[in-house]
Engineer: 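Sharing a structure with you now.
Bear in mind that the values here come from a model prediction, so they are computed numbers and not experimental data.
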Amino acid sequence: MRVLVIEDELPMRTALKDCLEAEGYRVLVAPDGEAGLSRAVSESPDIVLVDVMMPKLDGFALCRELRRIGRSVPVLMLTAKGQVNDRVTGLDAGADDYLVKPFSTEELLARIRALLRRARNQKRIEHSLEFGDLRVDLQKQQAWRGSEPVHFTAKEIAMLRLLLEADGAPVSREKFLDAVWGYAVFPTTRTVDNHIASLRAKIEPDPEQPRWIKTVHGVGYRLENEE
């Protein structure tokens with residue numbers, strides 16, 4: 001799972017990153033609200049940890065903007081401001097939870113697990129996709145065109161699942177590399193493009209004019225599944 005940490009204080013940002021990575025999370029960081037908003041939109045993390053008092057864009061404004069543009073990513077606010085009014089402001093801005101500094105590592109991790117679990121339960125799980133006469137079963141990792149089987153690699157299935165889970169939002173090449181290949185392999189963004197080309201060859205009636213897997217220039221790809 002990918003966690004975006006938006007925190008302007010370097011010692012706290014580093015401590016959070018080290019703690020989360022030790023628990024197996026993949027951590028993205030941003031030093032201020034503007035950079036954090038940009039990364040939240042372009043990287044599509046699974047959860048956002050955001051400090052309230054930050055330069056350029058505070059945590060309240062960042063959260064409001066995420067909700068305004070339709071991003072439903074779970075947001076956990078971390079702050080030294082512990083007054084009831086501050087907590088209410090954060091929750092009204094769209095935050096899912098609020099943790100007052102100083103806090104224990106155990107409580108932080110428990111709240112992250114709870115928010116991720118809630119997000120998974122709220123997401124409607126789909127196990128199959130249809131592209132014209134092609135049906136792809138993501139759970140069984142099998143596909144058929146009519147009654148004829150069509151071979152998809154495990155990575156192609158994983159890419160389709162990632163596109164589906166994005167619910168129409170673009171998936172960056174970096175997120176494909178992170179989620180499908182992992183850090184230890186060190187592929188290039190060209191690897192993603194090659195696999196997308198292979199997917200289009202199997203899915204699209206005309207791969208040169210794709211109907212379902214759309215290119216989002218400067219970002220990556222998104223799924224437009226009209227069926």
Engineer: Quick one: closest heavy-atom pair of A179 and L162, and the distance?
Structural biologist: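 Result for this residue pair: CB-CD2, 3.9 Å.
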Engineer: Mind listing the side-chain donor-acceptor pairs of residues 102-110 below 3.5 Å, one per line with the distance, residues two or more places apart or on another chain?
Structural biologist:
| residue | atom | partner | partner atom | Å |
| --- | --- | --- | --- | --- |
| S104 | OG | E107 | N | 3.0 |
| E107 | OE2 | R111 | NE | 3.0 |
| E107 | OE2 | R111 | NH2 | 2.8 |

Engineer: Could you check if a side-chain atom of M1 sits within less than 4.5 angstrom of a side-chain atom of I47, using non-hydrogen atoms only?
Structural biologist: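 With C-beta onward as the side chain, the pair stays apart.
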Engineer: Indicate yes or no: at least one non-hydrogen side-chain atom of P31 is less than 4.5 angstrom from one of D8.
Structural biologist: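 The answer is no, as the side chains (C-beta and beyond) never meet within the 4.5 Å cut-off.
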Engineer: L91: what forms a side chain to side chain contact (heavy atoms under 4.5 Å, CB included) with it, not counting sequence neighbours?
Structural biologist: none
Engineer: Taking only residues two or more places apart in sequence or in another chain, which ones pass salt bridge (Lys or Arg N to Asp or Glu O under 4.0 Å) with K17?
Structural biologist: E21
Engineer: Hey, is the main chain of I6 close enough, under 3.5 Å, to the side chain of R39 for a donor-acceptor pair?
Structural biologist: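 The answer is no, because no donor-acceptor pair under 3.5 Å joins these two groups.
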Engineer: Answer yes or no: is there a side-chain heavy-atom contact under 4.5 Å between W181 and V192?
Structural biologist: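 W181 reaches V192 side chain to side chain.
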Engineer: D137 and K140: which non-hydrogen atoms are nearest, and at how many Å?
Structural biologist: OD1-N, 2.9 Å
Engineer: Could you go step by step and tell me if R135 and L129 meet the side chain to side chain contact (heavy atoms under 4.5 Å, CB included) rule?
Structural biologist: CA-CA 6 Å; R135 181 168 62 88; L129 286 168; over 6 Å; no
Engineer: Are M53 and V100 joined in one hydrophobic group, where the rule is that I, L, V, M, F, W and Y side chains link up if heavy atoms are under 4.5 Å apart?
Structural biologist: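 M53 clusters together with V100.
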Engineer: Within the distance-only criterion (no hydrogens, no angle test), does the side chain of R13 pair as donor or acceptor with the backbone N or O of E7 below 3.5 angstrom?
Structural biologist: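 A pair under 3.5 Å: yes.
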Engineer: Taking C-beta and beyond as the side chain, do E224 and R211 meet within less than 4.5 Å on heavy atoms?
Structural biologist: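 Of all side-chain heavy-atom pairs linking R211 with E224, none is under 4.5 Å.
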Engineer: Just to verify, what does S38 make a side chain to side chain contact (heavy atoms under 4.5 Å, CB included) with, not counting sequence neighbours?
Structural biologist: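 None.
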Engineer: Which salt bridge (charged side-chain N to carboxylate O under 4.0 Å, His left out) pairs, counting each pair once, include a residue from residues 189-198, with sequence neighbours left out?
Structural biologist: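 The answer is R173-D193, R190-D193.
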Engineer: Looking only at heavy atoms, what is the nearest atom pair of M77 and C63, with distance?
Structural biologist: CE-CB, 3.9 Å
Engineer: Just to verify, what does E204 make a side-chain hydrogen bond (donor to acceptor under 3.5 Å, both in side chains) with, not counting sequence neighbours?
Structural biologist: none
Engineer: Shared ILVMFWY cluster between I69 and V48, side chains joined below 4.5 angstrom?
Structural biologist: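 Linked within one cluster.
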Engineer: With sequence neighbours left out, what residues match R67 under side-chain hydrogen bond (donor to acceptor under 3.5 Å, both in side chains)?
Structural biologist: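 Only D96 meet the side-chain hydrogen bond (donor to acceptor under 3.5 Å, both in side chains) criterion with R67.
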Engineer: Return the OG to CD distance between S42 and E174, rounded to the nearest 0.5 Å.
Structural biologist: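 Going from OG on S42 over to CD on E174, the span is 8.0 Å.
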Engineer: Using 4.0 Å as the upper bound for N to carboxylate O, is an ion pair formed by E156 and K202?
Structural biologist: yes
Engineer: Rounded to the nearest 0.5 Å, how far does CG of L49 lie from CG of L78?
Structural biologist: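 With rounding to 0.5 Å, CG (L78) is 4.5 Å from CG (L49).
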Engineer: What distance separates L16 CG from Y25 OH, expressed to the nearest 0.5 Å?
Structural biologist: 13.0 Å
Engineer: If the condition is side chain to side chain contact (heavy atoms under 4.5 Å, CB included), which residues does D133 pass it with, not counting sequence neighbours?
Structural biologist: R145
Engineer: Which heavy atom of A40 sits nearest a heavy atom of L66, and at what distance?
Structural biologist: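 Of all heavy-atom pairs spanning A40 and L66, the closest is CB-CD2, 3.8 Å.
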Engineer: Can you run down the salt bridge (charged side-chain N to carboxylate O under 4.0 Å, His left out) pairs that involve residues 45-62, sequence neighbours left out, and say none if there aren't any?
Structural biologist: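 Sorted pair list: D32-K56, D51-K101.
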Engineer: Please step through side chain to side chain contact (heavy atoms under 4.5 Å, CB included) for the pair F131 and L223, ending with a clear verdict.
Structural biologist: CA-CA 11 Å; F131 305 97; L223 183 65; 3.8 Å; yes
Engineer: Run the numbers on D92 and F60 for side chain to side chain contact (heavy atoms under 4.5 Å, CB included), then give the verdict.
Structural biologist: CA-CA 9 Å; D92 283 346; F60 298 141; over 6 Å; no
Engineer: Where is the tightest heavy-atom contact between A166 and V171, given as atom of each residue plus distance?
Structural biologist: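 Smallest heavy-atom distance, with atoms named: CB-CG2, 3.6 Å.
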Engineer: Hydrophobic clustering (ILVMFWY, side-chain heavy atoms < 4.5 Å, transitive) - are M12 and V5 grouped together?
Structural biologist: yes
Engineer: What heavy-atom pair brings P170 and R222 nearest, and what distance separates the two atoms?
Structural biologist: CA-CB, 3.8 Å
Engineer: Quick one: are F152 and V136 in side-chain contact, heavy atoms under 4.5 Å?
Structural biologist: yes
Engineer: Check whether any side-chain heavy atom of L160 lies under 4.5 Å from a side-chain heavy atom of L164, and answer yes or no.
Structural biologist: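 They are not in contact (no side-chain heavy atoms under 4.5 Å apart), so the answer is no.
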Engineer: Before giving the answer on side chain to side chain contact (heavy atoms under 4.5 Å, CB included), spell out for F176 and L163 the whole-Å C-alpha distance, their side-chain angles and the decisive distance to 0.1 Å.
Structural biologist: CA-CA 9 Å; F176 277 120; L163 286 164; 3.7 Å; yes
Engineer: Under 4.5 Å side-chain heavy-atom separation, chaining through any Ile, Leu, Val, Met, Phe, Trp or Tyr, what else clusters with V219? Say none if it is isolated.
Structural biologist: V216
Engineer: Identify, with sequence neighbours excluded, every residue that meets salt bridge (Lys or Arg N to Asp or Glu O under 4.0 Å) alongside E9.
Structural biologist: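 Partners of E9 under the salt bridge (Lys or Arg N to Asp or Glu O under 4.0 Å) test: none.
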Engineer: For residues P55 and E34, determine if any side-chain heavy atom of one lies less than 4.5 Å from a side-chain heavy atom of the other.
Structural biologist: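 No, every pair of side-chain atoms sits at 4.5 Å or beyond.
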Engineer: Is there side-chain contact between L116 and I112, with heavy atoms separated by less than 4.5 Å?
Structural biologist: yes
Engineer: Donor-acceptor pair, distance only, cut-off 3.5 Å: does the side chain of R26 make one with the backbone of V3?
Structural biologist: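 No; judged by distance alone, with no hydrogens or angles, the pair does not exist.
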Engineer: T215: what forms a side chain to side chain contact (heavy atoms under 4.5 Å, CB included) with it, not counting sequence neighbours?
Structural biologist: R200, H217, Y221
